[in-house]
Amino acid sequence: MTWFKKREEEEKEGKEKREELKFSEQLWTKCNSCNEIIYRKVIERNLQVCPKCNYHFQIPARKRIECVVDPGTLTEYDTDLVSADPLEFKDTKRYPHRVKESQEATGQKDAVICGEAKIKGQPVMLGIFEFNFMGGSLGSVVGEKITRLIERAIEKRVSVVIFCASGGARMQEGILSLMQMAKTSGALAKLHEAGIPYISVLTDPTTGGVSASIGMLGDIVIAEPKAMIGFAGPRVIKDTIRAELPEGFQRAEFLLEHGMVDLIVERKDLRHTLASLLEMLVPNDQEK
Ligand SMILES: [Zn+2]
């Protein structure tokens, strides 16, 4: 019966190897920009930025809060708002099913975290998109939470900062999602009339309806290095206009060169930059 025993051992060995491989994938990751294999912990310690080439990996909203906000100062608003399914939308999965999956994966009820916080002592109304929740799409909950955030900012006369990371509209909500562009833009117009500053921070990627509303409407528009920012994707544009697109098209640096972005700020400097800007741009005391 020796052969039988050997087979068992081989199986055990194979299983161990597979587990080892899985384990090493958890430990190491490949940089999307320079292809370097890097110890995952090193990237995490470096605010999700590649230490070799400075590529800014996407960062979960909760981690972003840790990087930017004074510890313990965030009071979250509207954490219980959840999407309805008025269109009873179904593609390969039902819409409520997709929402539930994202809720389980991220621990969030929807794709944005909103609240009141402090950045180096400066009070701020803060919104942060969670890209891992259905691509940070602008559904009715996201639109409502951001609108309420802006309304609270007007009421309390506090500046607004929103970190965008989004693929655009949430197609499962159809026109109700598109409506959110007008709704949030309208609220931002009122914020402007009230003389209260709004800073938008565009991170990789900020596209579609979010770039066409909240993203580009900042009094100051900041972007993270090499972030992809645009409305339609480059392939769609290329196929439509049938021309080669210039190098670096839709990247933060290209937009800065063409006047669409005011500043490119590295992740490690964002907290300091935002605090300085908030200190300089205090809300106008005289209501118009
Ligand atoms: Zn890299």
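Both counts, for ligands and for their atoms, begin at 1 and track the order of listing.
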What do you reckon, is CD1 of Ile175 surrounded by more than 12 foreign heavy atoms closer than 6.0 Å? no

Begin from the C-alpha positions of Glu36 and Lys30 and carry the test salt bridge (charged side-chain N to carboxylate O under 4.0 Å, His left out) through to its verdict. CA-CA 6 Å; Glu36 190 86 20; Lys30 192 169 151 188; over 6 Å; no

So the ring pair (Phe, Tyr, Trp, His ring centres under 6.0 Å) pairs with at least one residue in residues 105-145 (sequence neighbours excluded) are none

Have a look at Glu76 and tell me which of Arg62, Lys109, Lys145 forms a salt bridge (Lys or Arg N to Asp or Glu O under 4.0 Å) with it. Arg62

Smallest heavy-atom separation, Met216 atom then Ser211 atom, equals CG-O, 3.1 Å

Would you say Glu266 and His56 make side-chain contact, with heavy atoms under 4.5 Å? yes

Could you count the protein N, O or S atoms found under 2.8 Å away from the Zn ion (ligand 1)? 4

